[in-house]
**Q** 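Can you keep this structure in mind? I'll have questions shortly.
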Amino acid sequence: MGISQVMDNTPAVFLDRDGVINFAVVRDGKPYPPAGLKDVEIIPGAVSSIKRLAETGYIMIGITNQPDVARGTQSKEIVESINAMIQSRLPLRDIFVCYHDNIDNCDCRKPKPGLILQAAKKYGIDLSQSWMVGDRWKDIAAGKAAGLKTIFVDYHYNERYEGPLADFTLDDMAKVADIILQG
């Protein structure tokens with residue numbers, strides 16, 4: 001079956017990109033995306049968890065807000081090149097991107113679940129058996145809004161957590177696969 005063909009009722013793990021798949025660039029306690037390919041460093045614990053989950057049958061999907069494109073401080077081409085590099089190294093089926101900013105009030109920007117719902121439709125994902133892993137409250141809120149179980153990877157950023165509580169809170173991406181595979 002080709003990678004773009006729909007699979008019925010398959011569970012997935014949705015992962016935020018910056019801070020979950022690759023290290024976020026932290027300035028003044030706040031996370032930012034890498035400026036370019038040279039700044040991308042994939043989190044070692046993410047590699048092991050993503051590979052292990054993919055091997056057990058989960059569809060692995062990246063879900064990322066990239067508002068710097070709308071703000072004019074990042075190009076869509078750079079975002080896409082970073083995504084392509086990540087996909088070349090990890091078994092991610094797809095990476096869904098919202099390029100809008102908060103003022104755009106779109107359906108795809110987390111904390112809204114639009115990107116998750118798009119992926120579920122495209123790949124026939126069973127949301128009731130799926131997970132969202134994120135390092136910010138908007139990731140968890142999007143996952144909860146889509147009916148997913150959630151894991152918050154807490155890096156203690158200098159920002160207020162304004163959303164629903166995650167089902168699990170961890171401090172290391174290497175522990176994600178263990179939590180998900182336990183149920």
**Q** Any chance you could measure Ile116, atom CD1, to Lys144, atom NZ, to the nearest 0.5 Å?
**A** 12.0 Å
**Q** Determine whether Asp16 and Lys138 satisfy the following criterion, salt bridge (charged side-chain N to carboxylate O under 4.0 Å, His left out), listing intermediate values before the conclusion.
**A** CA-CA 10 Å; Asp16 177 51; Lys138 289 181 178 186; over 6 Å; no
**Q** Name all residues meeting the side chain to side chain donor-acceptor pair (under 3.5 Å) criterion together with Asp94; count only those two or more places apart in sequence or in a different chain, and write none if there are none.
**A**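 Here the qualifying residues are Lys122, Tyr123.
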**Q** Counting heavy atoms not belonging to Leu165, are there more than 12 under 6.0 Å from its CG?
**A**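 No - once you tally the heavy atoms of other residues, nucleotides and ligands closer than 6.0 Å, there are 12 at most.
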**Q** Looking at side-chain heavy atoms only, is the closest gap between Pro91 and Ile50 below 4.5 Å?
**A**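 Sidechains of Ile50 and Pro91: in contact.
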**Q** Look at Glu159 together with Arg136 and state whether they make a salt bridge at an N to O cut-off of under 4.0 Å.
**A**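 Yes, this pair counts.
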**Q** Look up atom OG in Ser130 and atom CD1 in Ile61, then write down how far apart they are to the nearest 0.5 Å.
**A** 9.5 Å
**Q** Spell out, as yes or no, whether a donor-acceptor pair under 3.5 Å connects the side chain of Ser49 to the backbone of Ala46.
**A**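 No, Ser49 side chain to Ala46 backbone: no donor-acceptor pair under 3.5 Å.
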**Q** State, yes or no, whether a side-chain contact exists between His100 and Pro67 at a heavy-atom distance under 4.5 Å.
**A**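 A side-chain contact under 4.5 Å is absent here.
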**Q** Does a side-chain heavy-atom distance below 4.5 Å link Ile43 with Val20?
**A**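 When only atoms from C-beta onward are counted, Val20 and Ile43 do not touch, as no gap falls below 4.5 Å.
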**Q** Between Asp126 (side chain only) and Ser128 (backbone N and O only), is there a donor and an acceptor less than 3.5 Å apart?
**A**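 Such a contact is found between Asp126 side chain and Ser128 backbone.
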**Q** Search all heavy atoms of Tyr99 against all heavy atoms of Ala70 and return the closest pair with its distance.
**A**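 Taking Tyr99 first and Ala70 second, the nearest heavy atoms are O-CB, 3.2 Å.
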**Q** Heavy-atom distance under 4.5 Å between the side chains of Ile59 and Pro11, does that happen here?
**A**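 A side-chain contact is absent here, since even the closest heavy-atom pair is not under 4.5 Å.
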**Q** Could you report the tightest heavy-atom contact between Asp139 and Met132, atom names first, then the distance?
**A**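 Minimum heavy-atom contact is O-CG, 3.3 Å.
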**Q** Is it true that Asn83 and Arg17 share a donor-acceptor pair across their side chains at a distance under 3.5 Å?
**A** yes
**Q** Contact between Ile86 and Asn22 at the side-chain level, heavy atoms closer than 4.5 Å - yes or no?
**A** yes
**Q** Enter the distance from Lys51:NZ to Leu90:CG here, rounded to the nearest 0.5 Å.
**A** 6.5 Å
**Q** Any sub-3.5 Å donor-acceptor pair from Asp172's side-chain atoms to Ala174's backbone N or O?
**A** yes
**Q** Are side-chain heavy atoms of Ile180 and Val13 found at a separation under 4.5 Å?
**A** yes
**Q** Are a donor atom and an acceptor atom from the side chains of Asp167 and Thr150 found within less than 3.5 Å of each other?
**A** yes
**Q** Any donor and acceptor pair, going by atom type alone, linking the side chain of Tyr161 with main-chain N or O of Pro164 inside 3.5 Å?
**A**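 At least one qualifying donor-acceptor pair exists.
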**Q** Looking at Asn102, I'd like to know if its CG atom is crowded, meaning that more than 12 non-hydrogen atoms belonging to other residues, nucleotides or ligands lie closer than 6.0 Å.
**A** yes
**Q** State, yes or no, whether a side-chain contact exists between Ile179 and Leu170 at a heavy-atom distance under 4.5 Å.
**A** yes
**Q** Examine Val176 and Val47 and state if one hydrophobic cluster contains both, with Ile, Leu, Val, Met, Phe, Trp and Tyr joined whenever side-chain heavy atoms are less than 4.5 Å apart.
**A**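 As far as the 4.5 Å side-chain criterion goes, Val47 and Val176 are connected within one cluster.
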**Q** Taking atom OH of Tyr32 and atom CG of Asp39, what is their separation to the nearest 0.5 Å?
**A** 15.0 Å
**Q** Working to the nearest 0.5 angstrom, can you tell me the gap between Lys149 NZ and Ile151 CD1?
**A** 10.0 Å
**Q** Taking Phe168 as the starting point, is it possible to reach Tyr58 by hopping between hydrophobic residues whose side chains are less than 4.5 Å apart?
**A** yes
**Q** At their closest point, which heavy atom of Pro113 faces which heavy atom of Ala142, and how far apart are they?
**A** CB-O, 3.6 Å
**Q** So, using salt bridge (Lys or Arg N to Asp or Glu O under 4.0 Å) as the criterion, who are the partners of Arg52 when residues are at least two apart?
**A**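 Salt bridge (Lys or Arg N to Asp or Glu O under 4.0 Å) list for Arg52, sorted by chain: Asp178.
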**Q** Indicate whether the side chain of Asp18 and that of Gln66 have a donor and an acceptor atom separated by less than 3.5 Å.
**A** yes
**Q** How would you list, by chain and number, every residue that makes a salt bridge (Lys or Arg N to Asp or Glu O under 4.0 Å) with Arg27, sequence neighbours excluded?
**A**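 For Arg27 there are no salt bridge (Lys or Arg N to Asp or Glu O under 4.0 Å) partners, ignoring immediate neighbours.
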**Q** Is Val97 reachable from Ile78 through a run of I, L, V, M, F, W or Y residues, each pair having side-chain heavy atoms under 4.5 Å apart?
**A** yes
**Q** Is the shortest heavy-atom distance from the side chain of Leu15 to the side chain of Leu92 under 4.5 Å?
**A** yes
**Q** If I compare all heavy atoms of Arg89 with all of Ile42, which pair ends up nearest, and what's the gap?
**A** CD-CD1, 3.8 Å
**Q** Does atom CZ of Arg71 have more than 12 heavy-atom neighbours from other groups under 6.0 Å away?
**A** yes
**Q** So which heavy atom on Gln74 is nearest to which on Val79, and how close?
**A** CG-CG2, 3.8 Å
**Q** If you round to the nearest 0.5 Å, how far is CZ of Arg109 from CG of Asp104?
**A**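 Reported to 0.5 Å precision, the distance equals 8.5 Å.
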**Q** Of all heavy-atom pairs between Gly19 and Asp135, which one has the smallest distance, and what is that distance?
**A**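 Taking Gly19 first and Asp135 second, the nearest heavy atoms are CA-OD2, 3.3 Å.
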